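None of the values given here were measured: they were computed from a predicted structure. Proteins come first, then strands; the chains are lettered A, B, ... in the order of their sequence lines, and each starts at number 1.
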Amino acid sequence: MKQYRTISRKVTSLLIGVLSAAFVFMGTVSVWGLYVMKDISVEGSRELGQTAAEDAENALETLAVEKLQEVAVERAVYIEEKFALVRAYVIGIAAQAQDIYEHPERYPDREVALPVRGSSRLAAQLMWSEARAAEGEENSDHDKGIPIFTDELLKLGNIQDLLVQFNASSDMISSAYIATESGWFIQADYIAFSKYKEDAELPLFFEGADREWYRRARCVPPGQIIYSNIIQDIHSGSDCIVCASPVYYEGKVAAVAGAGSYLETVHNAVLNTTVGETGYAFLVNGDGQVMVSGRTEGETACIEQRNDLRKSGNDALAQAAVRMVSGDSGFAEITLDGREVYLAYAPLRSLGWSFVTVIDVNEVIAPAKASQNMILTLTETVAERQDGAIRNMLLSFAVMMAAAMVLICFVGALFSKRLTNPIRRLAGEVAKIDGGNLDCRIQISTGDEVEDLGNAFNRMTVRIQSYVRHLALITAEKERIRTEIAVASKLQADMLPKAEGIFTDRKEFTLAASMKPARGVGGDFYDFFLLDTDHLALVIADVSGKGIPAALFMVVSRTLIKGRLTAVVKEEKRENYMSRIVEEINDSLCADNRNGMFVTAWIGVLTLSTGVLVSVNAGHCRPLIRHCDGACSYETVRGGLVLAGMEEMPYRQSEIRLDKGDMLLLYTDGVTEATSLRKELYGEERLKAVVLDCGDADVTPEKTIQALWRDVDDFQKGAEQFDDITMLAVAYHGSGFTEKRGRPDSANIEEFAAFVEEQLRKSNVPGKTITKVRMAADEVISNICYYSGASEAVVGVKAEQCRVTLCFEDNGIPFNPLEKPDPKLEKSAEQREEGGLGIYLVKKRMDKVTYEYAGGRNRMILECKV
Amino acid sequence: MMNNLVMNEAMAKGGMTIDTTREKDRMSVRIGGRLDTVTAPRLEETLKANMEGLCGLELDFSMLEFISSAGLRILLGAHKAMKKQNGIMVVRGIGEEIREVFNITGFMDILNVEQRDQSS
């Protein structure tokens, strides 16, 4: 069974459910959407960051490279310029020298001082070669060792000012000098002190021929410059680059002018080149060697070995170096010292060098990266904030939902109450109707289906009312019919004579009977009645069918049978009278029988005084006779067809004699055809067995029937009683008369009469009755004695509680005293005849007088009530 | 009254007693017991014997128990005979039994029946 939940609750639940679902759904969708959005934005931001970074990178890159290049170019130019200056100086010196050689007259003699020991002042200093020194030994007018100043020297001494000047004016020039073929060397520099070897008196020798620059410069045409490689300054020991130019005199190299530029200077120029933070520069010479580098370590460091970068294992670097050396300017992005770097190079054409600037890519793109990071960080922050916002939103959602729930509950309850109130009212009204108040009319006007329902209920109620009325009528009718059937059943039951308490004063027989219909009213019946004092009629019958039709036919049959028996037997007692009676009964039943019903019947008349039983069995079960010794036998004479079967059927009567103690058992086929659960039939044998079992004559009909009933009940236990069951048992106790036989003559009249009186007194019959009866007996006996001519007479006396019966039997001439007409009483005494009074008195004073002539005997029976 | 039946010797003789009292032409007969087929002839004899010159015949039935048709016949005969000789027969002292018989047979109207309370 479904749990009972009010509509209110259902509505509320529904609302809550739907709204929750909506909320949850919306919430989920929103949150999901938000997260998606967040992701998008984060992604977007990231992408933005990325793109921005990339763009920035690119921009920066470009910028950086540009800058690098710029710087490189600038520096290259700078250096070149510097060197150009040097070059110019050198050419200037060479030119001056040239001029001096060509026009010595223009110039005075000038001596060049020797280097001052320990001095670090800028001064022109004279040095000479060993060869010159050897010469000098010969013509020395100076101190020992100092060679004699030649004219060449003296004249060339004019150049010292230029040398000094040049040196002083250029920080590039570490020393300016000129070296002659003749072995003279005039140098202007700051390191005079380094010109002396320890305690040597004389300065160091200067071998120009040993000098690369000298040698190289000697090979170039005038006005041309050579740059040396990085060489060690002979004096300072520092690396320097010499720029030299030959001085030709008379088509031959007379001297070489040069200027040494300490690499320091170049170093500085290089080292001072910083690009950004990590950027540095290096100089590459025409041999691909790093001359100066901002790095002291790494692939581009300036090292002793001076590797050719072009031969570097770093392919990118090598390639770049190639280009550098070939005088290209450009840039590259390579990996250097394990780091991504941008490389820009610009050639120093005149020197055949390349100025290279390097900067870490990272540094370059650092801002971009920083930007990106910042964007990312921002993005993260934003994402976090978004997360936070989403969480907040979720929280608010939850709170809102909770609030909404509460609200819903209220609203829902309220609303659903409003909704369900009419329904509840309806339910209430319907309950009233249900409670029995069919006049109640529902009044609901909510303008919706509830109202329709109310109206429908009203219509229904009206209809129910009419149905109820109708039904009440029908039920009353049915009740009536049922009652009538019950009444009919009772009537029918009552119709059948009760065996208990009846005929209790009749000592000749005992009766017991019972009938149980299968269905309310039945078709079986039995009947017993006294036709007269001496004749007991017994009937048992079974109408075909069951129920009311059978019952009705049963009534008809019974009435007919009883009527016929009562009427006819009284009047006629002829040969085969039973056959005739039954035939007439049959014809009568056939006449009125349109429904083809029939009835089996056993009809018999028992003469009580003799025990003679005359009967006709019309298609009925065989009666069972239990003899006084207990033996049982079935009566086998078949009388004929069932009654009401066909008209003008013959019937055969049977005549048997019951002895004192015999019992006749009549029954219907409801007994023999009683069916057990196992579908067995009860049968005649079982019946006989039960009766035998009962015992002998001491067992009363009542007990026998009860025993039989019990057995049948037992037999058909559980199964339905299929047919009406009827039983009738009659035990015959003899005529009940106390008899006196004798010869009827006048002498014995007194005896007979006295016998009668005696019997009566014995039975405590009241005196008045005795007198009456005695008188009657007197008359009858007198008649017999005087008129019958009988040789034997039997007088029987039967005194019962309420009745005295006398039976007079004689074998005389047939004489029915009842035939004698009554004497005319109104006649006067004279007219009165004498005879006939006796019988008249008997007739008048006895309650019942019957006569029959049977078996050659007159029989007269007198009955007198006590 | 009839309840207390007195049994006397007469019963043995058929149960009837006859007491006659003759006074000249009047006779009173008291009959007791039963007047039936057996005993009736005796009464008849008695009556017949005394019929001569009788003017008044009184039958006292107060002791009579019952009467049968035979008795009735005798009575009727006696009544007729008295009437013939201009005499009167009166019956008196009849009990219920006798009365009933007389009523049934119509003898009540025929005979002169004296009621008990009429007796002087």
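Here the side chains of B:E65 and A:M775 are not in contact, with every heavy-atom distance at 4.5 Å or above. The side-chain heavy atoms of B:D36 and A:I749, taken from C-beta on, include no pair separated by under 4.5 Å. With a 4.5 Å cut-off on side-chain heavy atoms, A:T771 and B:R34 do not count as touching.
Within a 6.0 Å sphere centred on CZ of B:R22, heavy atoms belonging to other residues, nucleotides or ligands number more than 12. Within 6.0 Å of CZ on B:R30 lie no more than 12 heavy atoms contributed by other residues, nucleotides or ligands. Around the OH atom of A:Y786, the shell of radius 6.0 Å holds more than 12 heavy atoms that belong to other residues, nucleotides or ligands. Residue A:I813 qualifies as enclosed at atom CD1: its count of foreign heavy atoms under 6.0 Å is above 12. Environment of NZ in A:K498: crowded, with over 12 heavy atoms of neighbouring residues, nucleotides or ligands closer than 6.0 Å.
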>> The test is side-chain contact (heavy atoms from CB on, under 4.5 Å); show your working for B:T105 and A:K844 and say whether it passes.
In response: CA-CA 9 Å; B:T105 53; A:K844 278 289 179 209; over 6 Å; no
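Of all the heavy atoms in A:L841 and B:S68, the pair that sits closest is CD1-C, 4.5 Å.
Interface remark: B:L111 contributes no atoms to any contact with chain A (heavy atom separation under 4.5 Å).
A salt bridge does not link A:K768 with B:E100: none of the charged nitrogens is closer than 4.0 Å to a carboxylate oxygen.
Here the CG-CZ distance, from B:N103 to A:R845, works out to 10.0 Å after rounding to the nearest 0.5 Å.
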